[in-house]
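Below, chains carry the letters A, B, ... as their sequence lines are ordered, and counting in each starts from 1.
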Amino acid sequence: MAPQTRRMAFPKVLVERDTDSEESSSDDEEEVEEEEGPQSESEEEKVVVTKGGNGATVEEKKKGKAPITISLKKVCKVCKKPGHEAGFKGATYIDCPMKPCFLCKMPGHTTMTCPHRVTTEYGVVPAPHKNTHNRLDFVFQRQLRPRIPPIKAAYVIPDQVCCAAIRYHSRRVTSLEFHPTKNNILLSGDKKGQVGVWDFVKVHEKMVYGNIHTCIVNNMRFNPINDDTVFAASSDGTVSCTDLETGISSSLMNLNPDGWQGPNNWRMLYGMDTNSERGVVLAADNFGFLYMLDTRSNRKAGEAILIHKKGSKVVGLHCNPVQPEILLSCGNDHFARIWDMRRLEAGSSLCDLSHRRVVNSAYFSPVTGNKILTTAQDNRLRIWDSIFGDLGSPSREIVHSHDFNRHLTPFRAEWDPKDPSESLVVVGRYISENYHGAALHPIDFIDVSTGQLVAEVIDPHITTITPVNKLHPRDDILASGSSRSLFIWMPKEKSESVEPKDERKIIFCGTDEKKFKRKFGGESDDDSDDDGCGSKGKNLKSKSTKSKVKKKSAEFPHKGKY
DNA sequence: ATGCTATGCATCC
DNA sequence: TGGATGCCCTAGCA
């Protein structure tokens, strides 16, 4: 066959070895680089290289033409250049110095030396001192600002895993929603279209609805006039209305009534919110259009309106909590836009907030509705302090690692609905941190009025990234979706009283206990290093209030390096 | 232990 | 403008 005949006429192979590093051989990966010759038969060449590695620098192959030179010099796997290497060194990731900083995206330094990676001021860009002469802004500064209590209420950070449902979903979690009145009910949607209803106090009381949607559940909202029913928007192009008591679901709208007509015609619904004043559900699709659905007649109210760049995905919708006629949208055209629903037509936005990348989410603040928080794929949280002020540029930009990754649910920073000062925000972090030898991805609590990192919440068991987070409307509880798992966090004191009282209060579902124990070695989990995690790992995360921020460098000695 | 892959945006021409 | 291509810290399964 062909390989044989080729072999006969195979040219001379020269293996060029790495000269500047002695410990190059053995277990470390070695990148193979062809410098000339035919690119085809790469399989054969790899064989030659591995054999050539032990001893002979030149391997003769019968009669040849021009010799093939194979370089065994170590190259960076990111930029393919020699002299440095990127990748994990233990639990710490080393950036490629040839690329812009992975965190702030600016050239000239790496994540390790990024000025935004500072212990107590992680991700902070100082708030620009704006001296606007806008009249409304003036009124706000003079008359409204003084009435806002200057002292912030002390918020409590849920920092202890109370219970977790391992592999409750069979695909990654994409959305979470707490029940508005029943304290212990959490809804979760996944990439497969399944919707889970979980009573996280009676942890085994759970229900998974697999017949509501056929793919990604992008957003869920409870019906404001009947909180036994919930709306969900999905990439299958439908908005569902499900009765949680009976499990009966109906479809308010189907954008793909004729089924699959090719990718250019398949419509997906992403952003969704309810407007109780109008009795409508708002949903937006991947082509830039907004739909209004009457919840009583289950029909479309009016025509679809183009609210973002034609053909671009609208990923988020939010009605202002105080003035429901004011709508906030965001999407893949790098904009968040403010609309007045009384005068809603293409191009009629009140304001366009520009971003450098896709905007994953945009939310009004939960109490006054006066602030805006956005999460964008340029690794920045943006805050506008007053929708009545100058919206030309954000009041603050906070550099925070929540990179876009096609395999993860997009990160969305969420307000704490209980914080009257509207400054506490929760958001998962993408970049891992070396916590005593383990690379973990914390969930960050950030004070967006200062940009300060208030707490970073981790658990040695949770090694995956946690992009989906939601804070409870009344209790000090955080719900997290990480890959296929759900987690409920509480302040340490409270979690102590929760049943069952196993060591870590982790509840397993189905066969996952075996896998989990195989991975983590049962009770004695971490074997990292002397001061490592293990049961002592609990100490890692016992910082519950903002007053402990300063202590963080002591509790995380490694962070001092940055 | 290693390899594969689902998958979304940016960039290029 | 649109199709092809490539991609730095994924997660889980074969």
Q.
Classify A:K99 by what it touches in the nucleic acid, base, sugar-phosphate, or nothing, heavy-atom distance under 4.0 Å.
A. base
(Q) Taking only side-chain N and O atoms of A:K89, does any of them lie within less than 4.0 angstrom of OP1 or OP2 on C:dC9? (A) no
Q: Describe the nucleic acid contact of A:P263 in one word from base, sugar-phosphate, nothing, applying a heavy-atom distance below 4.0 Å.
A: nothing
Q: Measure from the side-chain heavy atoms of A:T464 and tell me the nearest of C:dA11, C:dC9, B:dA10.
A: C:dA11
Q. What is the distance from CG of A:D378 to P of B:dT11, rounded to the nearest Å?
A. 12 Å
Q: Would you indicate, yes or no, if C:dG12 has its OP1 or OP2 atom less than 4.0 angstrom from a side-chain nitrogen or oxygen of A:S483?
A: yes
Q. In the structure shown, which nucleotide is the Watson-Crick or G-U wobble counterpart of B:dT5, with both distances under 3.5 Å?
A. C:dA11
Q.
Using the C1' atom as the point on both nucleotides, what is the distance between C:dC9 and B:dT11, in whole Å?
A. 22 Å
**Q.** Of A:I94 and A:N264, the one whose closest DNA chain C nucleotide lies more 5'
**A.** A:N264
Q) Which part of the nucleic acid, if any, lies within contact of A:R357, taking any heavy atom under 4.0 Å across all strands shown: a base, the sugar-phosphate backbone alone, or nothing? A) sugar-phosphate
Q. Separation of A:N360 atom CG from B:dG8 atom C1', in whole Å?
A. 11 Å
Q | Whole angstrom value for the distance that separates P of B:dG3 from NZ of A:K77 | A | 13 Å
Q.
Using whole Å, what does the distance between atom P of nucleotide B:dG8 and atom CD of A:Q377 come to?
A. 11 Å
Q) Is any side-chain N or O of A:H407 under 3.5 Å from a base N or O of C:dA11, one able to act as donor and the other as acceptor? A) no
Q: Could you please name the option among C:dC8, C:dT10, B:dA6 that lies closest to any side-chain atom of A:F102?
A: C:dC8
Q) Any cation-pi pair here, A:K105 with A:F102, using under 6.0 Å and within 45°? A) yes
Q | Closest-nucleotide ordering on DNA chain B, the 5'-leading residue of A:R356 and A:R172 | A | A:R172
Q | Nearest-neighbour nucleotide for the A:V358 side chain, C:dC9, B:dT7, B:dA10 considered | A | B:dA10
(Q) Can you tell me if A:N332 touches the phosphate of B:dC9, counting only side-chain N or O atoms and a distance under 4.0 Å to OP1 or OP2? (A) yes
Q. In whole angstroms, how far is the P atom of C:dG12 from the NZ atom of A:K192?
A. 15 Å
Q | Distance below 4.0 Å between A:R484 side-chain N/O and C:dC13 OP1 or OP2 | A | yes
**Q.** Candidate nucleotides C:dT10, B:dC9, C:dC9, ranked by approach to the side chain of A:H441 - the nearest
**A.** C:dC9
Q | Nearest listed nucleotide, side chain of A:R406, among C:dT10, B:dG8, C:dC9 | A | B:dG8
(Q) Measure CG/A:D403 against P/B:dG8 and give the value in whole Å, please. (A) 17 Å
Q. Can you tell me how far P of B:dA10 sits from NZ of A:K105, to the nearest Å?
A. 12 Å
Q. When the distance from CD1 of A:I431 to P of C:dC8 is rounded to whole Å, what number comes out?
A. 14 Å
